[in-house]
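What follows is one structure encoded as structure tokens, with my remarks underneath.
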Protein chains: 2
Amino acid sequence: MKKQKTRDHIIEAADQLFYQQGYEHTSFAHIADDVKISRGNFYYHFKTKDEILDAVISARLDKTRKMLSQWEQGGTSPQDRIKCFIRILITNRDKILNYGCPVGTLTTELAKLNHASRAEANALFTLFRCWLQEQFIQIGCQEDDADERAMHLLARSQGVATLASAFHDAKFIDQEVTQMCEWVDGYAPV
Amino acid sequence: MKKQKTRDHIIEAADQLFYQQGYEHTSFAHIADDVKISRGNFYYHFKTKDEILDAVISARLDKTRKMLSQWEQGGTSPQDRIKCFIRILITNRDKILNYGCPVGTLTTELAKLNHASRAEANALFTLFRCWLQEQFIQIGCQEDDADERAMHLLARSQGVATLASAFHDAKFIDQEVTQMCEWVDGYAPV
DNA sequence: GTCTATATAGAGATAGAC
DNA sequence: GTCTATCTCTATATAGAC
């Protein structure tokens, strides 16, 4: 556990850099610089760049699962829980304005690279999708309908992140978040 | 004009490859291979990779302007013209399922690379944004309101492309296109 | 576990012949 | 206008000392 301190630092630095600069554009040298270790030492912890990517995705999956289960406990109604999801656009506004959505931009990049870990990255989307579907089911939606709404919300969040980043427009995020929250409240107890 | 045949071939090949594999991931060698010229000849036409990117963006801007002015003539009502925009998701469905939206994925990549041509790529978004705004004004919206709706539609299209690509889900595109078309018709003559 | 030094491959870019 | 040959730089990855 304690022995893996450097390894964890590498994962954390890689996570940030992959998000800010993209996976391919980020070099070992850059990560090593951030962690303040030599490039040689690097390979003691990870044999290939792909291994770091897998570790980063794995860490993001863990973090996301924890976040979702926290929302699960926090919200009093499924609508409230869904609004927790919508409001991450506000919580992470500054980062989104600069680098877009960490999930969307990674999956898009890996798709273009036709990368082996593409499926793992997509699992991040699936995590949100299934969680949202479950909330819509609790509202009273049928399974298919709930999934459709989950996808709808995911897509809107993605679009908002992309456009807000392109135009560096914080106000647009706020507007759309408000609209999405209203949309969710429109599906109040059926 | 006729002398630029090779140059045009390069731009066209680069355009496709940048879309399918991303800008950074596409090498001169790959483009040259596609065009069936040597890497050396390449540099007669373009001195740097950035120059090709600018030429590609410029070509995309031209093509987009032509497409928008065609829609301008084709549609009988502003609603119809806006639906032309929405339906490109259907027209380009197969490519979108594989590579996402060419505008969104390029601007996102250039943003992460902090590339000098980032603004030029964003101009592609602006082209659609202003055109859509104009249509909403013709429907009867105020200027600010029209822009808000333009951004809203752009964002939804982006989100649909991103999610459809991640889950390789053609049906999702169709569903969302239907919903967006209904949304537009909801803004019939005010 | 961390370092320095080095191997190897691929990229962008140039020079000069044809 | 197109080619071959080559330069240079940077990236991933390895070897071996400490």
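Every chain is numbered from 1 and lettered A, B, ... according to where its sequence line falls, protein lines coming before strand lines.
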Sugar-phosphate, base or nothing in reach of B/Phe28, heavy atoms under 4.0 Å: sugar-phosphate

Listed nucleotide nearest any side-chain atom of A/Tyr44, set C/dT2, D/dT12, D/dT2: C/dT2

Protein-nucleotide distance (B/Phe42, atom CZ; C/dG16, atom C1'), rounded to Å: 20 Å

Spacing between A/His45 atom NE2 and D/dT14 atom P, to the nearest angstrom: 16 Å

Atom-to-atom span, CD1 of B/Ile52 to P of C/dA11 - whole angstrom: 13 Å

Spacing between B/Tyr43 atom OH and C/dA17 atom P, to the nearest angstrom: 20 Å

pair B/Asp34-B/Ile10: side-chain heavy atoms closer than 4.5 Å: no

Heavy-atom check, side chain of A/Phe167 versus side chain of A/Phe172, under 4.5 Å: no

Criterion ring-ring contact (aromatic ring centres under 6.0 Å, His included) on B/Phe28 and B/Phe46, from CA distance to verdict: CA-CA 10 Å; B/Phe28 280 4; B/Phe46 294 98; 8.9 Å; no

Closest to the A/Asn41 side chain, choosing from C/dA13, D/dC3, C/dT2: C/dT2

Proximity to the side chain of B/Ile37 - top-ranked nucleotide from D/dC3, D/dT2, D/dT14: D/dC3

Integer-rounded Å distance: C/dT2 P and A/Phe46 CZ: 12 Å

Out of C/dC3, C/dG12, D/dT2, whichever nucleotide has its closest atom nearest the side chain of B/Lys49: C/dG12

Sugar-phosphate, base or nothing in reach of A/Ser27, heavy atoms under 4.0 Å: sugar-phosphate

Any A/Lys112 side-chain heavy atom under 4.5 Å of B/His25 side chain: no

Whole-Å distance separating the CG atom of A/Asp50 from the P atom of D/dA11: 17 Å

5'-most by nearest nucleotide on DNA chain D - A/His25 or B/Lys36: B/Lys36

Nearest-nucleotide pick for A/Thr48, side chain only, options being D/dG1, D/dA13, C/dT2: D/dA13

For the student: nearest non-hydrogen atoms of A/Cys101 and A/Tyr19, plus distance: C-CE1, 4.1 Å

Nucleotide C/dA11, atom P - distance to OH of B/Tyr23 in whole Å: 14 Å

Nucleotide D/dC9, atom P - distance to NE2 of A/His30 in whole Å: 21 Å

